[in-house]
Amino acid sequence: MSVFCAIDYETCGPERYAACSIGLVRIENGRLGKSFVHLIRPPSRRVLFTDVHGLTWRDLCNQPTYPELWPAIADFVRGCDGFVAHNASFDRSVWRSCCETFGLPDPNLPFYCTLKGSRATLNLSSYRLNTVCSSLGIPLNHHEALSDALGCAAIFLELERRGLDVERMRLNPPARKKCRCS
């Protein structure tokens, strides 16, 4: 049986490497497993999107940086076969940007998208995380990284229970940059 890790980032700037919070939840043997959540000191004192996630510089200034937190993150996701996220293209871009920007080894795991799976399975007027969770009776404190990761993990399990093949949620690999060799 596959082991997945639901992941959610909150960011505090337009740069994808400006992560300020991460939530992770392991999905093992069809059940929610252990979780990990941490605030992250961003690379800049400028904190945007406070109106969305409620985090300020005061909340973040004494937290570890992404590279300082990396050993704990890498240890948590060790043994996972893939990541699960709602609107996974966003979380994948944050993951990859943080790895690239800070020179961290990307395990290059596939990403599975519960937004994509929800659109294929559910008949809703909106497929935002809070709407999907509400329709499925999943508790959510929206834009709190651990709550969003837990909500995503619960959606993933419910979509599987309803018979959706996990591979239908898989994101295509991102396009690789072409080498401009002369």
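The shown structure was predicted, so the numbers you read here are calculated from the model rather than taken from an experiment.
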Might you work through the salt bridge (charged side-chain N to carboxylate O under 4.0 Å, His left out) test for Arg162 and Glu158, ending with a clear yes or no? CA-CA 6 Å; Arg162 292 180 182 212; Glu158 177 60 21; 2.7 Å; yes
Go through the steps for Tyr9 and Cys20 under the test side-chain contact (heavy atoms from CB on, under 4.5 Å), then give the verdict. CA-CA 7 Å; Tyr9 283 105; Cys20 60; over 6 Å; no
Evaluate the salt bridge (charged side-chain N to carboxylate O under 4.0 Å, His left out) criterion for residues Glu15 and Arg46: first the C-alpha distance (whole Å), next the side-chain angles of each, then the deciding distance (0.1 Å), finally the verdict. CA-CA 12 Å; Glu15 305 85 5; Arg46 184 184 70 166; 3.5 Å; yes
Step by step, would you call Tyr66 with Arg41 a side-chain contact (heavy atoms from CB on, under 4.5 Å)? CA-CA 7 Å; Tyr66 200 90; Arg41 180 188 173 111; over 6 Å; no
Check the pair Arg78 / Asp75 against salt bridge (charged side-chain N to carboxylate O under 4.0 Å, His left out), numbers first and verdict last. CA-CA 5 Å; Arg78 188 171 288 113; Asp75 186 53; 2.8 Å; yes
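For the pair Ile138/Leu150, no side-chain contact is recorded, criterion being any heavy-atom separation below 4.5 Å from C-beta on. Within the 4.5 Å cutoff, the side chain of Ser35 has heavy atoms near those of the Leu146 side chain. Between Asp91 and Phe83 there is no side-chain heavy-atom pair separated by less than 4.5 Å. Inter-residue side-chain proximity for Phe49 and Leu55 is flagged as unmet; no heavy-atom pair is nearer than 4.5 Å. Residues Val37 and Leu24 have side chains not in contact (no heavy-atom distance under 4.5 Å, counting atoms from C-beta outward). Between Thr56 and Val47, the closest side-chain pair of non-hydrogen atoms is not below 4.5 Å. The closest side-chain heavy-atom distance from Ile155 to Ser118 is below 4.5 Å. Counting only heavy atoms from C-beta outward, the side chains of Ile40 and Leu69 approach each other to under 4.5 Å.
How far CG of Asn62 is from CG of Leu60: 9.5 Å, rounded to the nearest 0.5 Å. Between the SG atom of Cys5 and the CZ atom of Phe111 there is a distance of 9.0 Å, given to the nearest 0.5 Å. Distance check: Met169 CE to Phe4 CZ gives 8.0 Å after rounding to the nearest 0.5 Å.
In the hydrophobic cluster analysis, where Ile, Leu, Val, Met, Phe, Trp and Tyr join through side-chain heavy atoms closer than 4.5 angstrom, Leu171 is grouped together with Val77. Criterion: ILVMFWY side-chain heavy atoms under 4.5 Å apart, direct or through other members. Under it, Val84 and Phe90 are not part of a common hydrophobic cluster. Tracing side-chain contacts under 4.5 Å through hydrophobic residues (I, L, V, M, F, W, Y), one reaches Leu122 starting from Val166; they form part of the same cluster. Cluster membership check: Phe76 does not share its hydrophobic cluster with Phe156, using side-chain heavy-atom separations under 4.5 Å among Ile, Leu, Val, Met, Phe, Trp and Tyr.
Ring geometry for Phe102 against Tyr17 counts as perpendicular: the plane angle is over 60°, on a 0 to 90° scale with 30° as the lower cut.
The backbone N or O of Asp148 sits nowhere less than 3.5 Å from a side-chain atom of His86 that would complete a donor-acceptor pair. Between the side chain of Asp165 and the backbone N or O of Glu167, at least one donor-acceptor pair lies under 3.5 Å. The main-chain N or O of Gly117 is never found under 3.5 Å from a side-chain atom of Thr114 such that the two would form a donor-acceptor pair. Checking side-chain atoms of Ser147 against main-chain N and O of Glu144 turns up no donor-acceptor pair under 3.5 Å. Proximity of a side-chain donor or acceptor of Ser97 to a complementary backbone N or O of Val94 within less than 3.5 Å is not detected. Side chain of Arg96 to backbone of Arg16: no donor-acceptor contact under 3.5 angstrom is found. When atom types are taken as modelled, the side chain of Lys34 and the backbone of Arg26 share no donor-acceptor pair closer than 3.5 angstrom. Formation of a donor-acceptor pair under 3.5 Å by the Asp8 side chain with backbone atoms of Gly23 is not found in this model.
No side-chain donor-acceptor contact under 3.5 Å links Arg128 and Asn87.
When all heavy atoms of Ala88 and Cys113 are compared, the closest pair comes out as N-SG, 3.4 Å. Here the closest non-hydrogen pair linking Leu48 and Pro14 is CD1-CD, 3.8 Å. Closest non-hydrogen pair, Ala149 versus Ala6, comes out as O-CB, 3.4 Å.
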